[in-house]
Amino acid sequence: MPTTPQHARDASMVDEVIAWFSREARDLPWRRSDCSPWGVLVSEIMLQQTPVVRVEPVWREWMARWPTPADLAAAEQGDAVRAWGRLGYPRRAKRLWECAVALVERHGGEVPSDEDTLLALPGIGAYTAAAVAAFAFGQRSVVLDTNVRRVIGRAWNGLPLPALHQTVGERAHAAELVPASPEAAVAWAAGSMELGALVCTARAPRCGECPLASDCRWLAEGATGLEAAPRRVQPWHGTDRQVRGRIMALLRAAHVPVNISGHAALEDIEPGQLDSCLESLVADGLVRAADAERGLYVL
DNA sequence: AACCCGGGGCA
DNA sequence: TGCCCAGGGTT
């Protein structure tokens, strides 16, 4: 297939990002060559919606305690949820534990390298399957997270921020940009994510440090539109999510059953909300009743 | 497609 | 204090 000028320009920009990443990549434990596929998988689950700086210490503890899927699968789910600590979205901890069980039951305790097989595991969606295939096994895949979407959106399409949801067209464009060789594809995946995380940030991009500055359509057109862009803030104070988090924090700290509805630390929460949140945590399988008569609960 | 789910740290 | 973030699962 002949290379059109547009493709050549794409490839040049991709190469710029790869070269930048080779200089600027952070030294993270799950990027080291001695990190197992399991270590990569654990990091990817933890990094879903949680920044690197908060993940790293928890990841180290987790890998020291459960260095293989079989180790985690043999643990109690409650211990996994407790070890998750304050990373947030504790359902991820439950799913990671379920993933370890599935790896033992379906795959002999090994992390599969096939993207579709990964996709079938608990807690692994399109992004994580592509990321594990690339970073754990060096395979060519389309790694498309919010950082990559922002980089492509700005540099190629002149958009200040990506749309709320991925479109088929956006994914197709991202797929076109992935280099042919697996090595370059992996470097592009990691580099474009890193660029989005460190330079091409959502709120205050550091365009002066960007390897794509001379190619970026958004910068060429004035780098405007951030102020007018709609925010995607999720409410927090007083929400069910905050109440659920407070209940989980109490149960993580306790190693004996806890009376939630009569707990002094939760007195400021309206009883109806407290009860419904506790019920939702039980429904999610994160919390279980140790003594329903007395209202005692554990992880 | 819409909705729900944590939490910390920094501008 | 406002705001941002390496998504996935359910309905």
Side-chain angles (χ1 to χ4, degrees), chain A residues 21 25-26 28-31 39-59 81 84-96 98-99 118-136 141-151 160-168 171 174 186 188-198 200-206 226-227 229-252 276-277 279-281 283-287:
Chain A
F21 182 66
R26 289 171 288 182
L28 302 172
W30 48 84
R31 283 180 177 165
V40 173
L41 191 159
V42 171
S43 79
E44 291 299 340
I45 302 279
M46 290 183 172
L47 287 164
Q48 293 167 0
Q49 305 284 285
T50 305
V52 164
V53 288
R54 291 178 51 204
V55 163
E56 187 166 351
V58 180
W59 183 89
V81 172
W84 194 256
R86 308 182 72 85
L87 284 184
Y89 295 121
R91 292 192 290 199
R92 291 183 295 163
K94 179 175 188 285
R95 291 180 190 139
L96 180 51
E98 291 170 339
C99 182
L118 286 163
L119 195 54
L121 292 165
I124 298 190
Y127 161 76
T128 306
V132 171
F135 304 140
S141 67
V142 182
V143 178
L144 192 58
D145 75 332
T146 188
N147 286 316
V148 179
R149 294 183 67 213
R150 192 169 55 247
V151 168
L161 290 171
L164 194 53
H165 298 291
Q166 272 185 42
T167 64
V168 173
R171 185 164 186 82
V186 171
W188 160 246
S192 55
M193 290 173 60
E194 190 86 333
L195 188 65
L198 299 181
C200 193
T201 59
R203 194 81 177 91
R206 300 165 175 83
L226 276 188
E227 289 71 19
R231 304 259 185 267
R232 306 172 198 174
V233 297
Q234 298 169 320
W236 172 243
H237 187 75
T239 61
D240 285 355
R241 301 203 306 178
Q242 186 187 32
V243 172
R244 283 167 55 104
R246 290 176 63 185
I247 295 171
M248 291 300 293
L250 282 177
L251 293 176
R252 280 198 306 270
S276 66
C277 286
E279 203 169 308
S280 75
L281 288 170
D284 285 346
L286 288 168
V287 169

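Just so we're on the same page: letters track the sequence lines, and every chain starts at 1.
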Student: Whole angstroms only, please: what is the CE-C1' distance between A:Met46 and C:dG8?
Tutor: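 Rounded to the whole Å, the gap is 16 Å.
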Student: Looking at every strand, decide which applies to A:Ala202 at a 4.0 Å heavy-atom threshold: base, sugar-phosphate, or nothing.
Tutor: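 Sugar-phosphate: the residue A:Ala202, judged by heavy atoms under 4.0 Å, touches backbone atoms but no base.
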Student: How about A:Leu41 and A:Thr128: do any of their side-chain heavy atoms sit closer than 4.5 Å?
Tutor: no
Student: Output yes when a side-chain donor or acceptor of A:Ser192 lies under 3.5 Å from a complementary backbone atom of A:Ala189, and no otherwise.
Tutor: yes
Student: What is the distance from CE of A:Met248 to C1' of B:dG6, rounded to the nearest Å?
Tutor: 10 Å
Student: If the P atom of C:dT11 is compared with that of B:dG6, how far apart are they to the nearest Å?
Tutor: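 Rounded to whole Å, the distance is 16 Å.
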Student: Whole-Å distance between C:dC4 C1' and A:Arg241 CZ?
Tutor: 13 Å
Student: Counting only side-chain heavy atoms from C-beta out, which of B:dC5, C:dG7, B:dG6 sits nearest to A:Tyr127?
Tutor: C:dG7
Student: From the list C:dG7, B:dC5, B:dG6, which nucleotide is the closest neighbour of the side chain of A:Asp240?
Tutor: B:dC5
Student: Using the salt bridge (charged side-chain N to carboxylate O under 4.0 Å, His left out) rule, take A:Arg26 and A:Glu56 through it: C-alpha gap first, then chi angles, then the decisive distance, then the call.
Tutor: CA-CA 12 Å; A:Arg26 289 171 288 182; A:Glu56 187 166 351; over 6 Å; no
Student: Does the side chain of A:Asp284 reach to within under 4.5 Å of the side chain of A:Lys94, using non-hydrogen atoms?
Tutor: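 No, their side chains stay 4.5 Å or more apart.
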Student: Round to a whole Å and report the spacing from CZ of A:Arg203 to C1' of B:dC10.
Tutor: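 From A:Arg203 CZ to B:dC10 C1': 13 Å.
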Student: Are A:Val58 and A:Arg54 close enough that some pair of their side-chain heavy atoms sits under 4.5 Å apart?
Tutor: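 Of all side-chain heavy-atom pairs linking A:Arg54 with A:Val58, none is under 4.5 Å.
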Student: Once you apply a heavy-atom cut-off of 4.0 Å, does A:Trp30 come out as touching a base, just sugar-phosphate, or nothing?
Tutor: base
Student: Look only at the side chain of A:Arg252 and the backbone of A:Gly85, and say whether a donor-acceptor pair between them is shorter than 3.5 Å.
Tutor: yes
Student: Mind checking the P distance from C:dG8 to B:dG9? Whole angstroms is fine.
Tutor: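 The same atom, P, in both gives a distance of 25 Å.
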Student: Just the atom pairs and distances: protein N or O near nucleotides 1-3 of chain B's N or O, under 3.5 Å.
Tutor:
none

Student: Just compare B:dG6, C:dG7, B:dG7 and give me whichever is closest to any side-chain atom of A:Arg252.
Tutor: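 So the side chain of A:Arg252 is nearest to B:dG7.
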Student: Within the 4.0 Å heavy-atom criterion, would you say A:Leu28 contacts the bases, only the backbone, or no part of the nucleic acid?
Tutor: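 If one applies the 4.0 Å heavy-atom cut-off, A:Leu28 turns out to touch a base.
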Student: I need the CD-P distance between A:Gln242 and B:dC5, as an integer number of Å.
Tutor: 12 Å
Student: Is it true that a side-chain atom of A:Thr50 and a backbone atom of A:Leu87 form a donor plus acceptor pair closer than 3.5 Å?
Tutor: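 Between the backbone of A:Leu87 and the side chain of A:Thr50 there is a qualifying donor-acceptor contact (under 3.5 Å).
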Student: Is the backbone N or O of A:Gln166 less than 3.5 Å from a side-chain atom of A:Arg171, with the two atoms forming a donor-acceptor pair by type?
Tutor: no
Student: Starting at the 5' end of DNA chain C and moving along, which residue's nearest nucleotide shows up first, A:Thr128 or A:Pro51?
Tutor: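 Whichever sits nearer the 5' end wins; that is A:Pro51.
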Student: So what does A:Ala126 hit on the nucleic acid, given a heavy-atom distance under 4.0 Å: a base, only sugar-phosphate, or nothing?
Tutor: sugar-phosphate
Student: Mind calculating the distance between NZ (A:Lys94) and P (B:dG6) to the nearest angstrom?
Tutor: 13 Å
Student: Each nucleotide N or O in nucleotides 9-11 of chain C that has a protein N or O under 3.5 Å away: list the pair and distance.
Tutor:
from: C:dG9; atom 1: OP1; to: A:Gly123; atom 2: N; distance (Å): 2.7
from: C:dG9; atom 1: O4'; to: A:Arg95; atom 2: NH2; distance (Å): 3.3

Student: Who pairs with A:Ala129 by side chain to side chain contact (heavy atoms under 4.5 Å, CB included), at least two apart in sequence or on another chain?
Tutor: A:Glu115, A:Leu118, A:Leu119, A:Ile124
Student: Using whole Å, report how far CD of A:Glu194 lies from C1' of C:dC5.
Tutor: 14 Å
Student: Measure the distance from CG on A:Leu281 to C1' on B:dC4 and round it to the nearest whole Å.
Tutor: 13 Å
Student: Determine whether a donor-acceptor pair (one donor, one acceptor, N or O, separation below 3.5 Å) exists between the side chain of A:Arg92 and the base of C:dG8.
Tutor: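 Side chain to base: no pair below 3.5 Å.
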Student: Under 4.0 Å: is that the gap between some side-chain N or O of A:Gln49 and OP1 or OP2 of C:dG7?
Tutor: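 So the side chain of A:Gln49 is within the cut-off, an N or O lying under 4.0 Å from OP1 or OP2 of C:dG7.
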Student: Mind checking A:Arg150 for me? I need base, sugar-phosphate or nothing, with any heavy atom below 4.0 Å counting as a touch.
Tutor: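 Sugar-phosphate contact only.
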Student: Consider side-chain contact (heavy atoms from CB on, under 4.5 Å). Of A:Tyr89, A:Trp84, A:Trp59, which one does A:Ile45 pass it with?
Tutor: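 Running side-chain contact (heavy atoms from CB on, under 4.5 Å) over A:Tyr89, A:Trp84, A:Trp59 with A:Ile45 returns exactly one hit, A:Trp84.
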Student: Is there side-chain contact between A:Leu161 and A:Leu226, with heavy atoms separated by less than 4.5 Å?
Tutor: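 Yes, close enough: below the 4.5 Å cut-off.
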